[in-house]
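Presented below is the structure to which this report refers.
Residue numbers start from 1 in every chain, and the chains themselves are labelled A, B, ... in the order their sequence lines are given, proteins ahead of strands. Below, all heavy atoms of this structure are taken into account, side chains as well, without hydrogens, waters or symmetry copies.
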2 protein chains.
Amino acid sequence: MRRGRSERTTLMDVANRAGVSAITVSRVLREPEKVSPNLRQRILDIIDDMGYVPDQAARALASRHNSTFGVLVPSLTNRAFLGFMQGVEERVRDSTFRIQYANTHNSVEEEKRQVRLLMSQNTAGIVLGGLEGLDEISDLIRRANCTVIQVVDVGIETAGAAIAVDHAAAAEAATRHLLACGYRSIALLGGTPDERGRRRTEGYARVLQEAGLYDPDLIHHENATTTTQMGCRLLRRALKVRPGIDAAFCQNDDLALGVLFEAQRLGKSVPDEFGICGYNDLDFSAVMNPPLTTVRTPLFEMGYRAGDLLIRSAEGNAIERQTIKLGFELIERRTTRKREG
Amino acid sequence: MRRGRSERTTLMDVANRAGVSAITVSRVLREPEKVSPNLRQRILDIIDDMGYVPDQAARALASRHNSTFGVLVPSLTNRAFLGFMQGVEERVRDSTFRIQYANTHNSVEEEKRQVRLLMSQNTAGIVLGGLEGLDEISDLIRRANCTVIQVVDVGIETAGAAIAVDHAAAAEAATRHLLACGYRSIALLGGTPDERGRRRTEGYARVLQEAGLYDPDLIHHENATTTTQMGCRLLRRALKVRPGIDAAFCQNDDLALGVLFEAQRLGKSVPDEFGICGYNDLDFSAVMNPPLTTVRTPLFEMGYRAGDLLIRSAEGNAIERQTIKLGFELIERRTTRKREG
DNA sequence: CTGTTAGCGCGTTCAA
DNA sequence: TTGAACGCGCTAACAG
């Protein structure tokens, strides 16, 4: 039995054994209907017997295309991106395309490296889930020989097609809701402030400024991906700086979960004494005690639409520079009081 | 300006512009010290200016190797795998290798397809995070022309190197702990029962059988990835079938979180009336109210070690058929009573 | 339905 | 330090 780094079986090996030419074996694999049934079956048996696996590098080189999509996400630990990835998968799953993910760790440099790597592989299409270094990367995108779908915020100039959500407006809606519930000192808690986060912060600040309630000392970030433990820490920190805060708008539901736990531990009753609003409507949010008021972003759909654009483009449809704008929804549950009036 | 699917810039284009031969440009990229500084810089400038990106397919075909590792996980939604993936990343991050992930959706067929795809690309190494269809896949592994690291349970025959954890023993420890706390009717709650899950179930069943407390109607699964909402549903189902259950051993902490929420809603006090033990010690487990008793598995380290094996192997070290066995730890927190006696 | 010829873009090998 | 010739494994285009 062969083992380890043995020489690879090639198309030619199979062809020799079958007594046909290489192209016939190639056809059996790609256009089986063009080969007579008998011969086809005989070759398939030989392929199976020899354990032949086509070399994608050679295939990609010869045909000048590749049947995998690259999906770049800035973080693997942020559950928001998981919802997004599931959407892409769902759409791509029963096509002939495969997906490969890569993690850019919120780094523009890494993102550029990964985009280059994907381009180097003649990837059929790329989804860019991040939102950093847009200027630096748009040059790369323009030069790409494949479709690139960007997931961005509204109002951002993109080099190609894009899926956009208005994060600033979503944050405004959440902040307005907290005000409408009668909360007056609303903290903003978040992790590494990426572009999306900055836009949410803007929306939050705008509403509080209008209401004359803005205070920069209400804003707290840690430089890492959001976690539930971080939520606990941020609430303590916020309370230390401004003991009078009566609500928190969290940049992600996992933070909100931690805030709830910590508030309970501090003896603050939610929502009466302290209001919490999350972001993204993750799995656990609906079943917490009390259930979490949050902003639902169409994570899955964003992924699905991105996958759809990729596939349609790969099938030869021009998708050009369209930007698909998707909405959000404020889900009022029980971590905020009933609205006044 | 060039845009869209323009012809790709090749090594030859760069060489022509520089007035040198292709191989010199190739050397600038791979063995810069072998090209005179002046020429090197001039070529680098041209490469930059033309936006040349080497074609990995051609490179892989010519050199017969590739500098990316493939990491296959059965699920993206299971946070346990995220910890694992982070471990791999951490080890691989500042090497010259890149990582590409693929999701096998707990499907043996998909796993085989992905392994074939990776092999087709002459991937430098593969990590197999799943644990399904081992027999069917070991043939593929043996034929692989790259190192394959499997993440498995102890006692499983693997074709190559492996990282193993004794899931049955971990489940035994958890179940024994619940018994020691005085719980007598212990439900087992889980998602899609993969091989790991089956082994945990075995460990759980063994301990309860010894104690004369085993009852198949205590075991509940849903055929999907575990979620917090699933935890709520499973607890209700378990209580409907056996109203007298006084504890739950959950196959994953997110289930345990849901079980806690649901128990609170049902007015059951945790840990006095109802005990909960989780699995994996996820981020939120330490800060829940009350904090979760759980089994900590070395997810990050498993990934780190897998990445390490891959790199050492790619650097030419023989890593052969070793199996690295890693331990687990029962973390006693407050969702279980103090042990009796 | 099957085969022949040519070449994808690069790295290896050997020579200058 | 640089280059020429060749081939990696496969597919496109055209023949038969």
Please check if the side chain of [X] supplies one atom and the backbone of [Y] the other of a donor-acceptor pair under 3.5 Å.
| X | Y | value |
| --- | --- | --- |
| B:Ser26 | B:Ala22 | no |
| B:Thr192 | B:Ala224 | yes |
| A:Thr10 | A:Met12 | yes |
| B:Thr123 | B:Leu118 | yes |
| A:Arg40 | A:Val35 | yes |

Can you tell me the distance, in whole Å, between the [atom1] atom of [X] and the [atom2] atom of [N]?
| X | N | atom1 | atom2 | value |
| --- | --- | --- | --- | --- |
| A:Gln56 | D:dC8 | CD | P | 19 Å |
| A:Lys34 | C:dG3 | NZ | P | 15 Å |
| A:Ile23 | D:dT11 | CD1 | P | 7 Å |
| B:Met12 | C:dG9 | CE | C1' | 11 Å |
| B:Asn16 | D:dA4 | CG | P | 12 Å |
| B:Tyr52 | C:dC10 | OH | C1' | 7 Å |
| A:Ile43 | C:dC1 | CD1 | C1' | 11 Å |
| A:Met50 | D:dG9 | CE | P | 13 Å |

Measure from the side chain of [X], starting at C-beta and using heavy atoms only, and say which of [options] lies closest.
| X | options | value |
| --- | --- | --- |
| A:Ser36 | D:dA13, C:dC1, D:dC10 | C:dC1 |
| B:Asp55 | C:dG9, C:dT2, C:dG3 | C:dG9 |
| A:Ala62 | C:dC10, C:dG11, D:dT11 | D:dT11 |

- If you pin B:Ser63 and B:Leu39 to their nearest nucleotides in DNA chain D, which one's is more 5'? B:Leu39

- Query: Pick the nucleotide of DNA chain D nearest each of A:Leu61 and B:Thr24; which residue has the one closer to the 5' end?
  - Reply: B:Thr24

Close N/O contacts between protein and nucleotides 14-16 of chain C (under 3.5 Å):
none

- Answer yes or no: does a side-chain N or O of B:Arg30 lie under 4.0 Å from OP1 or OP2 of C:dG11? yes

- Query: NA contact type, B:Leu11, heavy-atom cut-off 4.0 Å: base, sugar-phosphate, or nothing?
  - Reply: sugar-phosphate

- Message: Under a 4.0 Å threshold between the charged nitrogen and the carboxylate oxygen, would A:Arg93 count as salt-bridged to B:Glu110?
- Response: no

- Message: Distance alone, cut at 3.5 Å: any donor-acceptor contact between the side chains of B:Tyr101 and B:Gln114?
- Response: no

